[in-house]
Amino acid sequence: GAPLSHHNILNNGFFIGERMHYTSADRVCLPVPFFHCFGMVLGNMACTTHGATIVIPNDSFDPRVTLEVVERERCTSLYGVPTMFIVELEEMEKKDYDLRSLRTGIMAGAVGPPGRVRKRQEGNMGKWGECQVDQRDTVMGVRCGIRNNVGGRIEVWARNNGNCGT
């Protein structure tokens with residue numbers, strides 16, 4: 001594991017919230033675990049620092065329940081690792097969900113397979129911007145920037161610190 005300072009934890013959450021343009025009007029669906037930086041910092045802290053509502057769909061990941069909750073709660077953002085999005089897309093082939101409320105989300109933990117990411121963008125989940133977060137970001141502070149489509153640009157964010165060996 002990597003020790004994070006209180007400053008980095010709060011700062012990472014704040015800047016993710018800034019980049020995602022979160023406000024008190026947002027409803028963020030977090031089907032990811034909170035024991036990892038993805039759920040706790042990029043999820044809970046980003047929402048908390050911007051007044052967004054945290055929506056917890058279930059006590060463990062279930063693609064059907066997650067999509068039902070996004071639809072019912074009119075979530076504006078959805079988090080997940082690539083595998084979660086893949087099984088959500090498979091679930092969407094079985095049932096039609098109204099996910100028009102989604103405007104953004106984060107895919108992290110691994111790089112999303114380009115074909116699957118395009119399928120998500122072209123499908124019922126809509127064409128929303130997403131942030132793909134690199135594993136090193138949990139150590140260094142979020143530095144990846146937003147990828148609004150497959151192969152988008154990456155920019156470095158200010159006021160994050162840390163070291164990462166190669």
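Quantities reported herein were computed from a predicted structural model and do not represent experimental measurements. Note that these values count all heavy atoms, side chains included, but never hydrogens, waters or copies made by symmetry.
By the 4.5 Å heavy-atom criterion applied to side chains, Ser77 and Asp26 are not counted as neighbours. Taking the side chain as every heavy atom from C-beta outward, Val69 and Asn58 never approach each other to under 4.5 Å. Side-chain contact between Val28 and Tyr22: present, with at least one pair of heavy atoms (C-beta onward) separated by less than 4.5 Å. Within the 4.5 Å cutoff, the side chain of Met92 has heavy atoms near those of the Leu67 side chain. Using a 4.5 Å heavy-atom threshold, the side chains of Leu78 and Pro31 count as touching. In this structure the side chain of Met84 reaches within 4.5 angstrom of the side chain of Val32, judged on heavy atoms.
The residue from Phe38, Phe34, Phe85 that alone fulfils the ring pair (Phe, Tyr, Trp, His ring centres under 6.0 Å) condition with Tyr79 is Phe38.
Between the Ser101 side chain and the Cys75 main chain, a donor and an acceptor come within less than 3.5 Å of each other.
Atom NZ of Lys94 and atom CG of Leu89 lie 12.0 Å apart (nearest 0.5 Å). Note that NE2 of His50 and CD1 of Ile16 are 10.0 Å apart. Values are rounded to the nearest 0.5 Å. Arg27 contributes atom CZ, which lies 12.5 Å from atom CG of Leu102 (distance to the nearest 0.5 angstrom). Rounding to the nearest 0.5 angstrom, the gap separating the SG atom in Cys29 from the CD1 atom in Ile54 is 11.5 Å. Atoms CD1 and CZ, on Ile106 and Arg19 in that order, are 11.5 Å from each other to the nearest 0.5 Å. To the nearest 0.5 Å, the span separating CD1 on Ile9 from CE on Met45 amounts to 7.5 Å.
Across every non-hydrogen atom of Tyr97 and Glu91, the tightest pair is OH-OE2, 2.7 Å. Across all their heavy atoms, Ala46 and Thr49 have their closest contact at O-OG1, 3.2 Å. Scanning all heavy atoms of the two residues, the minimum distance from Pro57 to Val65 falls at O-CG1, 3.3 Å.
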Val70/Val55 under side-chain contact (heavy atoms from CB on, under 4.5 Å): CA gap, chis, key distance, verdict: CA-CA 9 Å; Val70 168; Val55 179; over 6 Å; no
Chi angles and distances behind the side-chain contact (heavy atoms from CB on, under 4.5 Å) call for Thr104, His21: CA-CA 9 Å; Thr104 192; His21 304 288; over 6 Å; no
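The side-chain hydrogen bond (donor to acceptor under 3.5 Å, both in side chains) search around Arg72 returns none, not counting sequence neighbours.
Salt bridge Arg64/Glu68: present, at least one basic N to carboxylate O contact under 4.0 Å.
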